[in-house]
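Taking it in order: structure first as C-alpha cells, then the write-up.
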Amino acid sequence: MKKEEREPIEWTNTWWAEANTDHRRGLLIGDSTTRQLRGSMEALLTNLYAVDLFASSFSIHDKRLEDYIDMLLRRDEYEYDFIVLHYGGHHGFSRLCSESSKEYEAYRKQYTALLKSLTAKCKKIVCVTGTSEVLDTDVDTIDLKIESEIIARNQIVSDVAHANCVEIFDLYSLMKKNGGRYSYFDRQHFNRDSDYFISYRLLEFMMSKHVLSVELVKKQHLQGRNRLAQMAGNDKQYIVYGAGWMASELYWTLKWYGMEAAIRCFAVSHKMKEETFLEKPVVLISQLDISERETCILVISSDQYREEMYQMASALKIRNVIFYRDMINKLFDEEE
C-alpha cells in the first residue's frame, strides 16, 4: 500500500482481558466502532468468556493489518472459542470499491484473505456488516457518498461470508430499523446507550447459531436469576428510576437474563415527551400508587443524581430501593 493512501494518523488498540488466566475467550476484530462494544459484550458474558480486542484504522489493503493480526494469532498462548470480524467499513476511503469494479474485486480479494486467515485459527467466526456514517455538520443526516461505499463493502462481506460458510450478523440493517432510538454522537459512532442493545442482539444471534455455548449461557442465566432472587426476593417487579443510558444498560442486561418482564415501568421525576422507553411505560415517580411503593423494587439508574433519587424515594415512602450497579453486580457474581 502506498504511504500517501494512509490516513494522517493510523492507530491500533489491542486488549487481552483476564490475560493471566486460561479463561474461555472470544476476540473482536474491528475499528473504534467495534471497540465501543467490547466492554458491554464482556459484561453480558461475565463468567463465560473473556473478550479480547484488536482494533485499528488500517485499510483492508494495508499489509500492516495482516502483520498485526498474524502477530496476534500466531502464538499458542490464547485460543479463541469465537471471533467476531467487524472490519473494513470506516477506513481506507482513498480506494472506493463503489466507484470501480477493479477496486471492488481488490477489496473482495483482501477481505477473503483476511477471513481465510481467521478460519484457519478458529472454527466459529461471525462477520458483521458496517454501519452508515453521518455528516460532520449534521449527525441526523446520512453521508450519501459514504453510504454507497458502505453498501458496496457490506455486499462483499455478505458474499465472502456465504462463500466460506461463515455466519453474518447484519448490523447495518439492525441499526436502520431501530426507528431513531439509537442516534449518532459523531459521524461514525452511536451514542452510548446503543452499546448494550447491539451487544445483546449480537450475542442473541450468536446463541441462535451455536457460536456461543447454549448450555453455558443457560447456566449463567439460571445462576444470575437465583442470586438476584436471594437478594431481592422471588417474583418481584422492578421500577427503574431514570430513563437514560444507565437505565438502558440495566434493561438489556435483565433481558439477557430473561428478566425483562420483571420491569414494570420506568419512573422519572419530570414528565417526558415519550410515553414509553424500551417498550415499557414511563410514569412520573410521584404518581406511583401505594401498592407499587410498597411491593415493587425501585432501581436507581443514575450515578450523577443518585443521592437526589434516594431522597425522592424516601420522601415518597418507597419501601424497597436498590442502586442499579448493586443489582448488576449481583447478577455478575463469580460462578457458584
Side-chain angles (χ1 to χ4, degrees), residues 1-16 27-38 52-75 77-78 80 83-122 125 127-137 139 142-161 163-164 166 171-172 184-190:
M1 180 174 178
K2 297 178 181 179
K3 185 183 298 182
E4 56 268 25
E5 291 178 349
R6 291 199 173 106
E7 298 180 3
I9 297 174
E10 297 279 14
W11 57 268
T12 64
N13 183 191
T14 307
W15 179 294
W16 285 280
L27 172 65
L28 305 182
I29 297 177
D31 55 24
S32 57
T33 62
T34 319
R35 180 176 58 193
Q36 187 174 333
L37 301 176
R38 198 212 68 83
D52 297 346
L53 171 75
F54 173 75
S56 86
S57 62
F58 295 137
S59 163
I60 201 165
H61 301 287
D62 198 325
K63 181 65 164 60
R64 288 173 183 259
L65 173 63
E66 179 183 339
D67 292 342
Y68 271 88
I69 291 180
D70 179 63
M71 180 176 63
L72 181 73
L73 296 177
R74 71 186 176 200
R75 299 188 180 277
E77 289 177 277
Y78 304 113
Y80 290 103
I83 294 176
V84 174
L85 179 60
H86 181 213
Y87 203 87
H90 296 292
H91 295 279
F93 289 138
S94 63
R95 299 177 63 174
L96 299 179
C97 56
S98 59
E99 296 183 357
S100 163
S101 58
K102 180 180 177 180
E103 292 296 349
Y104 190 95
E105 290 305 315
Y107 192 100
R108 180 198 291 271
K109 180 180 178 180
Q110 291 302 113
Y111 192 87
T112 300
L114 173 58
L115 184 57
K116 284 186 178 295
S117 71
L118 298 179
T119 55
K121 295 289 185 178
C122 179
I125 310 281
C127 291
V128 179
T129 54
T131 48
S132 299
E133 293 194 10
V134 294
L135 299 176
D136 282 324
T137 54
V139 295
I142 298 295
D143 186 325
L144 295 181
K145 182 177 181 180
I146 297 299
E147 184 76 354
S148 61
E149 183 65 14
I150 295 293
I151 291 171
R153 294 183 184 191
N154 283 345
Q155 186 61 56
I156 292 171
V157 170
S158 178
D159 291 346
V160 172
N164 289 273
V166 170
L171 181 59
Y172 174 87
Y184 288 83
F185 71 85
D186 66 15
R187 66 173 296 114
Q188 294 178 347
H189 304 96
F190 288 95

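Considering CG of N13 and OG of S32, their distance stands at 10.0 Å, rounded to 0.5 Å. Taking CZ of R95 as the reference point, atom NE2 of H61 lies at 4.0 Å (rounded to 0.5 Å). With rounding to the nearest 0.5 angstrom, the CD atom of E4 is 9.0 Å from the OG atom of S94. The CD atom of E133 sits 8.0 Å away from the OH atom of Y184 when rounded to the nearest 0.5 Å. With rounding to the nearest 0.5 Å, the separation of CZ in R64 from OG1 in T12 is 10.0 Å. Within the model, atoms CG of L37 and CG of L171 stand 7.5 Å from one another, a figure rounded to the nearest 0.5 Å.
With a 4.5 Å cut-off on side-chain heavy atoms, Q188 and D31 do not count as touching. Residues F58 and E10 form a side-chain contact, since some pair of their non-hydrogen atoms from C-beta on lies under 4.5 Å apart. Side-chain atoms of H90 and T131, non-hydrogen and from C-beta on, do get closer than 4.5 Å to each other.
Closest of all the heavy-atom pairs between L53 and R35 is CD2-CG, 3.6 Å. The nearest pair of heavy atoms linking R6 to D62 is NE-OD2, 2.7 Å. Between I125 and V166 the shortest heavy-atom distance is O-CG1, 3.3 Å. Nearest heavy atoms, S56 versus L65: OG-CD1, 4.3 Å. Shown here for I150 and G89, the closest heavy-atom pair between the two residues is CD1-O, 3.0 Å. Nearest heavy atoms, S132 versus E147: OG-OE1, 2.7 Å.
The main-chain N or O of V160 is found under 3.5 Å from a side-chain atom of N164 such that the two form a donor-acceptor pair. Between the side chain of Y80 and the main chain of K121, no donor-acceptor pair closer than 3.5 Å is present. With hydrogens and angles disregarded, no donor-acceptor distance shorter than 3.5 Å links the side chain of S59 to the backbone of G92.
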Query raised in the report: Hey, mind stepping through I29 and I69 against side chain to side chain contact (heavy atoms under 4.5 Å, CB included) and telling me if it holds?
Result: CA-CA 9 Å; I29 297 177; I69 291 180; 4.2 Å; yes
Report task. Just do the side chain to side chain contact (heavy atoms under 4.5 Å, CB included) check on F190 and T33 with the steps written out, would you? Result -> CA-CA 8 Å; F190 288 95; T33 62; over 6 Å; no
Requested in this report: Evaluate the criterion side chain to side chain contact (heavy atoms under 4.5 Å, CB included) for residue pair V134 and I142; output intermediate values, then yes/no.
Outcome: CA-CA 4 Å; V134 294; I142 298 295; 4.1 Å; yes
Query - Test log, rule side chain to side chain contact (heavy atoms under 4.5 Å, CB included), inputs L73 and L118 - result: CA-CA 9 Å; L73 296 177; L118 298 179; 3.6 Å; yes
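A side-chain hydrogen bond (donor to acceptor under 3.5 Å, both in side chains) check over residues 105-114, counting only residues at least two apart or in different chains, returns nothing.
Taking a cutoff of 4.0 Å between a charged side-chain nitrogen and a carboxylate oxygen, R153 and E149 qualify as a salt bridge.
In summary, of the residues considered (L27, D67, D52), a side chain to side chain contact (heavy atoms under 4.5 Å, CB included) with L72 occurs for L27 alone.
Applying the side chain to side chain contact (heavy atoms under 4.5 Å, CB included) rule to A152 yields the partners C97, S98, Y104; only residues at least two apart in sequence or on another chain are considered.
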